[in-house]
Amino acid sequence: MAELLIIVLVGGALALGYLSIYPKVAAGNFNKLSVCDLVCSVFVFTLVGTQYWGSDYEFSLLLFSTNWFWFTLVIYALIEIPLAIWYFKKYGVAVNDNGKDK
């Protein structure tokens, strides 16, 4: 049950970010998008960490068990990567070589 709660939290936070907040705040600006995503990830890891930090609870990642941090990190990456690819294509986000916006 704890695994499902973390998956729902991560999915909800990333969906809210990529579908609502990021387009309004960052649009196609990579630097602003990075800051927004950092805030989102700190929020998620803080919520999960306050619940499971120091606990001996083992989270199942199908092939092996791990602690809350690694479980959250893997789930976060698995959910975020497809969303980020979609977002980058839709909003034309480009990583600028010199750090300046176009």
Side-chain angles (χ1 to χ4, degrees):
M1 187 63 169
E3 288 91 347
L4 182 59
L5 291 174
I6 291 174
I7 292 169
V8 169
L9 172 66
V10 170
L14 288 173
L16 180 65
Y18 277 100
L19 299 175
S20 179
I21 298 170
Y22 298 175
K24 293 174 185 167
V25 175
N29 185 313
F30 178 76
N31 293 331
K32 288 180 182 178
L33 180 62
S34 298
V35 170
C36 289
D37 192 53
L38 179 65
V39 169
C40 181
S41 60
V42 166
F43 172 75
V44 167
F45 277 88
T46 300
L47 282 179
V48 176
T50 57
Q51 184 68 31
Y52 296 104
W53 187 292
S55 74
D56 291 333
Y57 191 90
E58 292 288 319
F59 292 87
S60 174
L61 279 171
L62 299 180
L63 300 175
F64 58 93
S65 294
T66 187
N67 65 11
W68 69 270
F69 177 82
W70 293 108
F71 179 83
T72 306
L73 185 65
V74 169
I75 295 302
Y76 199 95
L78 289 174
I79 296 173
E80 182 172 30
I81 289 170
L83 279 172
I85 291 169
W86 166 81
Y87 186 91
F88 274 51
K89 288 179 181 176
K90 179 171 177 146
Y91 290 97
V93 178
V95 180
N96 297 329
D97 293 332
N98 58 10
K100 295 180 184 175
D101 291 329
K102 291 182 178 181

How long is the straight-line distance from [atom2] of [Y] back to [atom1] of [X], given to the nearest 0.5 Å?
X     : Y     : atom1 : atom2 : value
Leu14 : Asp37 : CG    : CG    : 7.0 Å
Leu19 : Lys24 : CG    : NZ    : 10.5 Å
Tyr91 : Asn29 : OH    : CG    : 14.0 Å
Leu78 : Leu73 : CG    : CG    : 9.5 Å
Phe71 : Ser60 : CZ    : OG    : 7.5 Å

To check you understand the geometry: which heavy-atom pair defines the closest contact between [X] and [Y], and what is its length?
X     : Y     : result
Ala2  : Phe59 : CB-CE2, 3.7 Å
Cys40 : Tyr76 : SG-OH, 3.6 Å
Cys36 : Val25 : SG-CG1, 3.6 Å
Gly17 : Pro23 : O-CD, 3.7 Å
Tyr18 : Ala84 : OH-CB, 3.6 Å
Thr66 : Leu61 : CG2-CD1, 3.6 Å

Exercise. side-chain contact (heavy atoms from CB on, under 4.5 Å) between Val8 and Leu4: does it pass, once the steps are laid out?
Worked result: CA-CA 6 Å; Val8 169; Leu4 182 59; 4.2 Å; yes

Problem set entry | Side-chain hydrophobic cluster, 4.5 Å single linkage: members besides Ile81 | Ile85

Exercise. With a 4.5 Å limit on heavy-atom distance, are the side chains of Ile6 and Tyr52 in contact?
Worked result: yes

For this session: May I ask you to check whether over 12 heavy atoms, not counting those of Trp86, lie within 6.0 Å of atom CH2?
Result: yes

[X]-[Y] co-clustered via ILVMFWY side chain contacts under 4.5 Å:
X     : Y     : answer
Val74 : Leu5  : no
Val42 : Ile21 : no
Leu83 : Val39 : no
Ile75 : Leu63 : yes
Val35 : Leu16 : no

For this session: Mark yes or no for whether Asn31, through its side chain, and Ser34, through its backbone, hold a donor-acceptor pair below 3.5 Å.
Result: no

Exercise. Parallel, tilted or perpendicular: which describes the rings of Tyr22 and Tyr87, with under 30° parallel and over 60° perpendicular?
Worked result: perpendicular

For this session: On the 0 to 90° scale, with breaks at 30° and 60°, tag the Phe45-Phe69 ring pair as parallel, tilted or perpendicular.
Result: tilted

Problem set entry | Sequence-distant partners of Phe43, ring pair (Phe, Tyr, Trp, His ring centres under 6.0 Å), two or more places apart | none

